[in-house]
Amino acid sequence: MLRAFCCAALLPVLACGQTETKPAFEIADVHASPPSRIQVMRGPMLGNGRYEIRHATVVDLIRTAWSVNAIQVVGGPNWLEDDTFDLIAKVPAGTTPQAAKPMLQSLLRDRFQLVVHNDTRPLPAYALKAGKRPQMKAAGSEGPGGCRNAPLPPPPPGGGQQLAPPLFSFTCTNTTMAAFAEALQTTIFFAPQYLNDRMVVDETELKGAWDFDLKLSPRGMIGPNGPMVGVSLFDAIEKLGLRLEPVEAPLPVIVVDRVNETPTPNSPKVAEALHETPAPTEFEVAEVKPTAPDVRGGGIQIQRGGRVNIKGMPLKFLIEQAWNISDDTLIGAPPWMQADRYDIVAKADVDGAGLDIDAM
């Protein structure tokens, strides 16, 4: 009788001896990142039952696990932004990026003894504001809204080689200003290059949804003068009759209360379970050729299986990406390195998502 009563009393907490199972990786390898010319996080990469993040600081891991910006991770020791780690984990088939986030939270608690709490702090941000005459149309249709990459039409025949940086166009349909402010930080790639980790808050006071196009150039392709004068994010926003102004805003943050600099050791079974192989340091084969004059736009795509596709990129931009340097620290580059664009298709001998392009 007493045993039955005790079991019933513990039901809400222990379910008669059963503990709640938290989401977790099946097994994970966490180790310090090898030396790299580009200390920038790559990933998360998810596929074939593997979840990978490379060259990530603990701040990177926290912002990924809790879906916040780096500026929203506050507190903790200075090394949180300096020490970098590689994470390779085994996940169940069908795991989505969203489902992997609580698994990453569990790993940080278990392996780094991370303790955090939520708070609100005033942080540097950009306020999206409306001018006197917004150059946008009221949404002409209902349904899901959002901003999507849209290819630009080719230039007219006989236009000669394009000297200006490539423009990337984004079509936003049925989009509220709050959704647009969020898209500037997420789906509109190249925009975060201009934001310096700041969040964007909607202060336009514009109600309803809107249809508009946003055209901008990658920050690294815009020169201070000469023919390579592209369209910055701030110029593109102004063409819509909007503007971005630096402000301080109260924003939600993740406060780091405690964390260990050295993660707990990996399981002895990790190498066998993950079938890890060293990443290649050079491409097996590569083709480099000038970009066709009638091609507009460009991009860099790293695919599983070791294939790299680069389209319409100036050599100056590629050097800056490969050595992780800014435009003002590359000295002595002749004008053609920014005007001439190239296509590169390369293949590395790699099985899985572990291609480390900066090491090649």
Side-chain angles (χ1 to χ4, degrees), residues 40-41 63 68-72 123-137 145-152 162-173 175-206 209-249 251 296-300 311-314 316-318 320-321 324-330 338 341:
V40 176
M41 187 184 96
R63 68 174 177 83
V68 297
N69 287 0
I71 198 171
Q72 293 175 271
L123 295 177
Y126 279 106
L128 181 65
K129 295 179 177 287
K132 294 182 179 179
R133 297 179 180 178
Q135 303 297 308
M136 302 178 295
K137 297 180 180 179
C147 298
R148 293 168 293 278
N149 180 228
L152 287 170
Q162 179 183 345
L163 293 179
L167 277 177
F168 291 83
S169 179
F170 297 85
T171 297
C172 301
T173 56
T175 302
T176 65
M177 289 295 97
F180 180 48
E182 182 176 352
L184 289 172
Q185 306 161 76
T186 54
T187 57
I188 299 178
F189 53 88
F190 299 127
Q193 297 176 358
Y194 294 91
L195 300 176
N196 295 320
D197 286 330
R198 294 188 179 193
M199 295 187 67
V200 180
V201 294
D202 172 30
E203 294 186 2
T204 62
E205 299 183 357
L206 295 175
W210 304 84
D211 294 340
F212 54 92
D213 292 329
L214 181 75
K215 298 180 176 66
L216 71 155
S217 303
R219 184 177 182 180
M221 293 187 182
I222 299 179
N225 47 50
M228 295 297 286
V229 179
V231 179
S232 73
L233 173 66
F234 303 100
D235 292 338
I237 293 290
E238 287 188 6
K239 290 183 178 181
L240 298 176
L242 308 171
R243 65 184 186 276
L244 286 173
E245 292 184 357
V247 297
E248 273 206 347
L251 296 171
R296 303 182 70 178
I300 300 176
K311 299 290 185 182
M313 291 295 168
K316 185 171 183 287
F317 177 77
L318 294 174
E320 291 170 358
Q321 295 300 304
N324 192 30
I325 58 177
S326 60
D327 191 68
D328 56 354
T329 57
L330 181 58
Q338 189 158 324
R341 299 184 297 135

What one should report as the nearest heavy-atom pair of T175 and G145 is OG1-C, 4.4 Å
CG-SG distance between L214 and C172, expressed to the nearest 0.5 angstrom: 6.5 Å
Does N149 reach the main-chain N or O of S169 with its side chain, forming a donor-acceptor pair under 3.5 Å? yes
For K215 and A236 the tightest heavy-atom approach is O-CB, 3.2 Å
Shortest non-hydrogen contact from A70 toward R63: N-CD, 3.7 Å
Is there a donor-acceptor pair closer than 3.5 Å between any side-chain N or O of D202 and the backbone N or O of T204? yes
So CZ of F212 and CD of Q135: to nearest 0.5 Å the spacing works out to 13.0 Å
When rounded to the nearest 0.5 Å, the distance separating CG of D235 from CD1 of I237 is 10.0 Å
Can you name the nearest heavy-atom pair linking L240 to F180, along with the distance? CD1-CZ, 4.2 Å
Does T173 reach the side chain of R148, with side-chain heavy atoms less than 4.5 Å apart? yes
Is any side-chain heavy atom of Q193 closer than 4.5 Å to one of L233? no
Can you find a heavy atom in the side chain of N69 that is under 4.5 Å from one in the side chain of D197? no
For a quick test of reading the model, state the closest non-hydrogen atom pair linking P124 to I71 and the distance between them. O-CD1, 3.6 Å
Between F234 and Y126, is the ring centre distance below 6.0 Å? yes
Donor-acceptor pair, distance only, cut-off 3.5 Å: does the side chain of S217 make one with the backbone of V231? yes
Expected output: side-chain R243 to main-chain L128 donor-acceptor under 3.5 Å: no
Atom CE of M313 and atom CD of E320: how far apart are they, to the nearest 0.5 Å? 12.0 Å
For a quick test of reading the model, state the closest non-hydrogen atom pair linking L251 to A125 and the distance between them. CD1-CB, 4.3 Å
What's the spacing between E182 CD and T176 OG1 if we round to 0.5 Å? 9.0 Å
In terms of side-chain geometry, is the basic nitrogen of E203 or K129 positioned less than 4.0 Å from the acidic oxygen of its partner? yes
